K.L.:
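The structure under discussion is supplied below as structure tokens; questions concerning it will follow.
For ligands, and for the atoms within them, numbers begin at 1 and follow the listed sequence. Please read these numbers as outputs of a predicted model, since none were measured by experiment.
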Amino acid sequence: MIVVFSPRYLIDIGLHVFPTRKYQLVHARLIETGVIRSSDVVEPEPASWDDLALVHSHEYLAKMRDGEMTAEDVAQLELPWSSAMVDGFRLMTGGTVQAALIACGREVRSTKYEVRSTSNFRVAAHIGGGLHHAFPSHGEGFCPFNDVAVAARVLQRHGFERIAIVDLDVHHGNGTAFIFESDPRVFTFSMHQQHNYPMWKPRGSLDVGLADGARDASFLDQLDRALPKVMAHDPQCVFYLAGADPYEDDQLGGLRLTRDGLRERDRRVIDAVRHAGVPLVVTLAGGYARQVDDTVAIHAATIQEAARASALA
Ligand SMILES: [Zn+2]
């Protein structure tokens with residue numbers, strides 16, 4: 001399985017609840033445990049400004065590039081502006097684009113007459129990404145650019161007609177839902193804690209807002225009901241945002257899932273996509289456990305499940 005990662009995802013954002021060192025730690029853990037080899041790892045290129053403009057407004061991109069953010073913009077983004085911050089997240093957005101192109105084999109596909117077989121299942125995992133709170137003309141909630149939306153737009157440019165996004169971060173995928181609100185080609189599914197950030201949740205194709213303290217069993221039950229609806233869209237590529245923040249000891253999440261429950265969640269999503277024979281792009285999204293080691297273990301388990309499925313394909 002190809003894994004996309006850069007050590008440059010260690011972005012200096014000062015003292016912050018968002019541990020940007022988690023990316024390096026997940027990468028190191030996967031190498032140490034033999035889940036991946038260094039020869040599996042691809043270093044991304046930064047997303048081009050033209051690719052970013054497939055989703056984001058020119059005004060917003062100019063502000064980000066030139067550091068002309070207002071105090072309000074910075075407060076909404078919840079990250080201090082620096083050119084290194086912009087470069088780091090532009091690189092991370094490029095990582096999701098790269099993972100999508102690898103999973104999907106880069107070729108332009110015949111959309112109507114494609115013959116499905118399980119051999120179309122290919123996984124690329126990105127040790128990064130899942131910046132689902134970024135909107136076209138502003139960033140928010142630690143998300144400067146919407147990497148998955150940019151990658152989906154790049155795939156559309158390559159002729160992909162139907163794309164699905166499975167967002168299981170504890171927070172609603174507000175930016176992603178907004179971006180694709182009027183694009184029926186992209187099915188956006190978000191399952192999240194209803195009474196949590198963001199306050200305003202633009203409607204996606206399928207939104208499941210869970211009660212506080214939902215725990216493993218009801219989460220997995222709702223997931224089982226939702227996945228057939230996602231796959232009924234007949235996607236040619238699926239993006240999975242495997243947020244670690246539904247975890248019971250997360251500082252920003254309140255769904256109280258266990259590590260075993262989260263691994264089971266990953267397995268069910270990955271297996272649903274594998275059984276449908278569709279390319280899969282895995283991104284990490286959020287994770288703010290009190291112990292960063294828990295966040296690292298949850299993300300590493302996601303990649304391990306993806307590798308397991310990849311080996312079966
Ligand atoms: Zn989150």
Side-chain angles (χ1 to χ4, degrees), residues 9 11 13 16-23 25-26 75-79 89 92-93 95-96 126-135 138-149 165-179 188-202 204 206-216 219 222-223 226 239-259 261-263 265-266 269 281-292 294-303:
Y9 293 166
I11 300 162
I13 54 172
H16 204 286
V17 70
F18 173 13
T20 61
R21 69 186 188 283
K22 76 177 185 178
Y23 304 109
L25 295 172
V26 171
Q76 194 170 27
L77 178 57
E78 299 184 72
L79 291 175
F89 285 103
M92 192 178 285
T93 302
T96 299
H126 184 198
I127 304 177
L131 308 167
H132 58 167
H133 300 310
F135 283 73
H138 74 270
E140 64 171 73
F142 322 152
C143 300
F145 307 116
N146 197 312
D147 61 311
V148 168
I165 299 172
V166 174
D167 185 342
L168 300 184
D169 188 275
V170 81
H171 304 102
H172 179 254
N174 56 343
T176 312
F178 183 86
I179 289 162
T188 58
F189 164 48
S190 176
M191 189 159 83
H192 47 270
Q193 184 184 4
Q194 186 62 23
H195 298 294
N196 199 334
Y197 173 90
M199 283 289 282
W200 179 54
K201 299 174 177 67
L206 177 61
D207 289 308
V208 179
L210 299 172
D212 298 356
R215 295 179 187 269
D216 294 350
F219 185 99
Q222 293 289 332
L223 182 61
F239 289 88
Y240 175 34
L241 288 80
D245 47 12
Y247 176 54
E248 56 192 348
D249 201 32
D250 195 272
Q251 299 172 85
L252 302 185
L255 285 181
R256 306 190 62 188
L257 267 64
T258 65
R259 273 167 57 172
L262 287 160
R263 185 187 281 270
R265 168 199 73 166
D266 296 336
V269 172
V281 184
V282 177
T283 66
L284 299 187
Y288 316 94
R290 250 165 281 276
Q291 306 294 326
V292 75
D294 285 340
T295 297
V296 170
I298 293 162
H299 286 321
T302 301
I303 309 277

K.L.:
Using the test side chain to side chain contact (heavy atoms under 4.5 Å, CB included), find all partners of A301 that sit at least two apart in sequence or belong to another chain.
P.N.:
R263
K.L.:
Looking at residues at least two apart in the chain, or sitting in another chain, which of them share a side chain to side chain donor-acceptor pair (under 3.5 Å) with D266?
P.N.:
Y240, T302
K.L.:
Identify the residue among E140, H172, H171 that makes a side-chain hydrogen bond (donor to acceptor under 3.5 Å, both in side chains) with Y197.
P.N.:
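When side-chain hydrogen bond (donor to acceptor under 3.5 Å, both in side chains) is applied between Y197 and each of E140, H172, H171, only E140 qualifies.
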K.L.:
Taking D212 for its side chain and G254 for its backbone only, find out whether a donor-acceptor pair lies under 3.5 Å.
P.N.:
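Not a single qualifying donor-acceptor pair exists.
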K.L.:
Where the Zn ion (ligand 1) is the corner point, what angle links OD2 of D245 with ND1 of H171, to 10°?
P.N.:
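Once rounded, the angle between the two atoms at the Zn ion (ligand 1) is 100°.
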K.L.:
Please name the atom of D169, restricted to N, O or S, that is closest to the Zn ion (ligand 1).
P.N.:
OD1
K.L.:
Counting backbone and side-chain atoms alike, is an N, O or S atom of H133 positioned under 2.8 Å from the Zn ion (ligand 1)?
P.N.:
no
